[in-house]
Structures are given as structure tokens and as C-alpha cells.
Trainee: 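The structure that follows is given in the form of C-alpha cells.
Residues: numbered from 1 along the sequence shown.
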Amino acid sequence: MLGVVWDDRFLNISFSHPMIRDMSKARIRKFIELARDSLSFVEIKPEQASEEVLLEVHTREYVNKLKEASKVEHMGFLDSGDTVHYPGIFEDVLLVVGSSLTALERSKFIDQIYVPLGGFHHALPNKAMGFCPVNDVVITVKRLLNNRERVALVDVDAHHGNGVQEMLYKEKVLKINVFAYNGSFFPGTGRLEERGEGEGKGLNYNIGLPLGSGDDVFEDTLSFLDLLEDFHPSYVLVVAGVDGMIDDNLKSLNLTSWSYYSLGKKVAKIQRNLGFNVISYGGGGYGESSYLGMVGFLAGLSGVSSSIVGLKGEKTSTDKDIFDEARKRMQALKNS
């Protein structure tokens, strides 16, 4: 069964730069409209989190900063110029985090849950970063670990989830990260050699794809999800960020909704074999067709035919030099 955490307040929430805030809001609106028309799911009303929940991964000083920024009567930035604050942002942050906690609670009864406005994987304990005022992913993982669950994270996004990696680097969590990487593309983190420490040693996989990689390259990355078979998680969290789409305004990868459909289909296939729960997130996305990637992912996850959600056209092919570099990186990671 598929559940989607939904509140109409999602339609008016965006922590993105002012130049793309309208685009990010439009993505959420178009997503829920198409999802309701083409998919079968249960809508789950989220409950707002308490302030104390934020302190499970964020510092008191930073939480106080968020509260104070929420009282300011104009829009500004929480960081160096990416993540905005606006009047009432603190209540929106609590709703976002509460959406993850609601998904976690309902996962006792529903084995696939999707949070379209979630997956804020850049935020650090003491600061916002990359349109992410808080890290709902790490809060959820920490809750699961405290409940003695065995957790794996599949983080697919145009940008490396630096906040998640930093806070979970030493934790016994399998982390498979797929993102665009050239050493300087935001946030500039995610080196192949970063494999984890302590209980997390050998469990961190950074699959940094050359910029310009298409659907054919992405299809190769899905082989890394076979690592789930050996890890035997009880929960798999998936950040299915659609800012890797070919028409995204923060251009980096050349993916179409076929890649996200394939991602959902692969996760679902392994879930059938292992019986874990899935909590997934919409992540980033700032292009006209972003919402198609979101619905495509859910179609694959829930076993719906690709034609039902309008997936059509050819998959993107990657230039040979880029394709060869991508395979070289993936092979090096497998050999490490």
C-alpha cells in the first residue's frame, strides 16, 4: 500500500532562493494534481512536530535563530544566500519535520510512504544550507536507530547530501548517494574515498556522476542498490530528488522521469524480496517537468505501468567521454 503525506499548506511552502521559489511551489501543486489523477494512494494528514524534536540533531543556538528569523517581517537569508527565511517559517519547519514523524508513525501500517515536501539533506547541526533549514532525513534516521531498526538510505539528487553524510558518517547506516560531482558543483562534497568511519566504516557510497550524465548512466547506478540485499535493512529511506531532470533550472544532469520510474521500480523489487518499509521524499526540483519525475518515482514504487503516468519519449543518452568517466568512477567505488 502507498501512502502520501499531504497538507494543503505544502502548496505555499518553499525555502528556496526567491528567483526559483515560485517554480518549487508549482512543482508541489502539479505533483499532487497528477498523482491524484493517475495513482492510487492513501492521503495522510501530518501532525506538526514540537520544537524539542529539532534539538535531536540541531543545536539550541540554531533553533533559537530559526525562531527569531520567523518573527522578522520581511524575507531574508538564513545562510550565505540560498535558504530564505520569512514570517512564520518556524511553523512551516515544524510541519515539515512533523511530516517525517507522521510517516514514521504510519509506517507501522503502510509499507510505502512518500513525503513530497521533504528530504532536506543539506542542513547541518548549526546552520541552514542549500534551501534546507532543517534536516528532516537525519531526524528520521536517528529516531529509527533509537528504535533499534536497521536503516539504509538511498539519496538520489543533483546535489550531494552533505548534511546527512556528516551527521551519519559514523553510524551503522548503509548510505548510497547518487549525485552530480566535479569537485566544485554545489555543495562540492562527496568524494569517492569517503567510505565512513567507526560503525559506519565501509557503509558510505558516494556515486558522483559527471555533469551531463543521462538516463543510460543512471541505469548503471541502480546496481548499487543490490547492496541492500546483503545489508538486510528493516527500513529504507529514499530521497528521490528530481533536480537531476534535464530541464532543471539548476542544470547538472540530463535525466528524464524514466530514471525516477526505474529507481522506484528497483526499490520496490528489492522490498518484495526483503520485506522492509520504505519512507521516501520528494527532495529538490526546479524545472517545468520536475513533478513528472516525482510521479514517475511513485509509479515505479507502487507497480503502476509507466504509460499510466504519461512516461513517453526516448531516454537520454550520454556523450561517450562522460559515459566512460561515469563507469570508471563506479568501478573504482566497487573496487574500494
Side-chain angles (χ1 to χ4, degrees), residues 119 121-122 130 152-162 164-165 174-196 202-231 236 238-267 269-270 283-287 289-290 292-293 296-297 300 311 313-336:
H121 59 178
H122 294 305
L153 172 67
V154 178
D155 189 339
V156 174
D157 195 272
H159 309 92
H160 178 247
N162 60 299
V164 169
Q165 176 171 301
L174 175 63
K175 298 168 285 291
I176 302 170
N177 311 300
V178 182
F179 54 97
Y181 181 80
N182 65 358
S184 60
F185 182 71
F186 183 87
T189 57
R191 292 187 300 112
L192 181 151
E193 297 82 7
E194 295 167 347
R195 296 300 316 283
L203 294 178
N204 194 70
Y205 289 82
N206 283 329
I207 309 165
L209 301 180
L211 274 65
S213 295
D215 291 329
D216 49 354
V217 168
F218 184 81
E219 187 173 353
D220 279 2
T221 71
L222 295 178
S223 64
F224 283 88
L225 269 63
D226 294 337
L227 293 165
L228 297 170
E229 300 275 4
D230 294 327
F231 189 71
V236 173
V238 183
V239 177
V242 291
D243 47 3
M245 294 282 282
I246 192 169
D247 66 347
D248 197 84
N249 283 322
L250 303 181
K251 182 71 174 171
S252 59
L253 300 175
N254 289 333
L255 307 182
T256 71
S257 46
W258 280 110
S259 283
Y260 295 95
Y261 179 79
S262 299
L263 172 64
K265 192 173 181 180
K266 178 78 171 185
V267 171
K269 178 181 179 181
I270 301 175
Y286 316 98
S289 64
S290 296
L292 293 175
F297 169 73
L311 289 181
E314 295 183 0
K315 300 177 183 178
T316 52
S317 298
T318 306
D319 291 346
K320 185 178 184 304
D321 289 347
I322 296 176
F323 192 95
D324 290 345
E325 174 62 22
R327 283 201 161 174
K328 178 182 177 182
R329 294 181 188 183
M330 283 187 267
Q331 190 59 51
L333 184 54
K334 289 179 179 179
N335 292 339
S336 65

Trainee: Looking at Thr256 and Lys315, would you say the former's side chain and the latter's main chain have a donor-acceptor pair under 3.5 Å?
Mentor: no
Trainee: Between NE2 of His159 and OG1 of Thr189, what distance do you get to the nearest 0.5 Å?
Mentor: 10.5 Å
Trainee: Are more than 12 heavy atoms from other residues, nucleotides or ligands located less than 6.0 Å from atom CD of Glu219?
Mentor: no
Trainee: Search all heavy atoms of Ser252 against all heavy atoms of Phe185 and return the closest pair with its distance.
Mentor: CB-CZ, 3.3 Å
Trainee: Does the side chain of Val238 come within less than 4.5 Å of Phe297's, by heavy atoms?
Mentor: yes
Trainee: Is there a donor-acceptor contact under 3.5 Å from the side chain of Asn254 to the main chain of Ile246?
Mentor: no
Trainee: Measuring from Ile207:CD1 to Thr221:OG1, what's the distance to the nearest 0.5 Å?
Mentor: 5.5 Å
Trainee: Counting C-beta onward and ignoring hydrogens, is there a side-chain heavy-atom pair between Glu229 and Ile270 closer than 4.5 Å?
Mentor: yes
Trainee: I would like to know whether Asn204 and Asn177 meet side-chain contact (heavy atoms from CB on, under 4.5 Å); could you show each step before the answer?
Mentor: CA-CA 8 Å; Asn204 194 70; Asn177 311 300; 3.5 Å; yes
Trainee: State whether the side chain of Asp247 and the backbone N or O of Gly287 hold a donor-acceptor pair below 3.5 Å, judged by distance alone.
Mentor: no
Trainee: Evaluate the side-chain proximity of Leu225 to Val267: yes if any heavy-atom separation is below 4.5 Å, no if none is.
Mentor: yes
Trainee: Determine, for Lys269 against Asp226, whether the closest basic-nitrogen to carboxylate-oxygen distance falls under 4.0 angstrom.
Mentor: no
Trainee: Counting only N and O atoms by type, is there a donor-acceptor contact under 3.5 Å from the side chain of Asp216 to the main-chain atoms of Ser317?
Mentor: no
Trainee: Could you state the interatomic distance from CG (Leu227) to CD1 (Ile176), rounded to the nearest 0.5 Å?
Mentor: 5.0 Å
Trainee: Let's go through Gln165 and Asp155 carefully: what are the C-alpha distance in whole Å and the side-chain angles of both, what is the deciding distance for side chain to side chain donor-acceptor pair (under 3.5 Å) to 0.1 Å, and is it a yes or a no?
Mentor: CA-CA 10 Å; Gln165 176 171 301; Asp155 189 339; over 6 Å; no
Trainee: Provide the closest heavy-atom pair for Phe224 versus Met330 in the form atom of the first, atom of the second, distance.
Mentor: CZ-O, 3.6 Å
Trainee: How many angstroms lie between atom CG of Asn249 and atom OH of Tyr286, to the nearest 0.5 angstrom?
Mentor: 10.5 Å
Trainee: Determine the sole option in Arg327, Lys334, Arg329, Lys266 for which the salt bridge (charged side-chain N to carboxylate O under 4.0 Å, His left out) test with Asp220 is passed.
Mentor: Arg327
Trainee: side-chain contact (heavy atoms from CB on, under 4.5 Å), that's the test. Do Leu333 and Asn206 meet it? Break it down for me.
Mentor: CA-CA 8 Å; Leu333 184 54; Asn206 283 329; 5.6 Å; no
Trainee: Please find the pair of heavy atoms, one from Met245 and one from Ser290, that lie closest to each other, and give the distance.
Mentor: CG-CA, 4.5 Å
Trainee: Testing the basics here: between Val242 and Tyr260, what is the closest heavy-atom pair and its distance to 0.1 Å?
Mentor: CA-OH, 3.4 Å
Trainee: For Phe218 and Leu253, run side-chain contact (heavy atoms from CB on, under 4.5 Å): C-alpha distance rounded to whole Å, both residues' side-chain angles, the deciding distance at 0.1 Å, then the answer.
Mentor: CA-CA 10 Å; Phe218 184 81; Leu253 300 175; over 6 Å; no
Trainee: Ignoring hydrogens, what is the shortest heavy-atom contact between Pro187 and Asn162? Give both atom names and the distance.
Mentor: CG-OD1, 3.7 Å
Trainee: Measuring only between side-chain heavy atoms, which start at C-beta, is Leu203 closer than 4.5 Å to Phe231?
Mentor: yes
Trainee: Which heavy atom of Phe179 sits nearest to which heavy atom of His160, and what is that distance?
Mentor: CE2-CD2, 3.5 Å
Trainee: Do Asp324 and Lys320 sit within salt-bridge range, that is, some charged N less than 4.0 Å from a carboxylate O?
Mentor: yes
Trainee: For the pair Thr316 (side chain) and Leu255 (backbone), establish whether a donor and an acceptor sit closer than 3.5 Å, ignoring hydrogens and angles.
Mentor: no
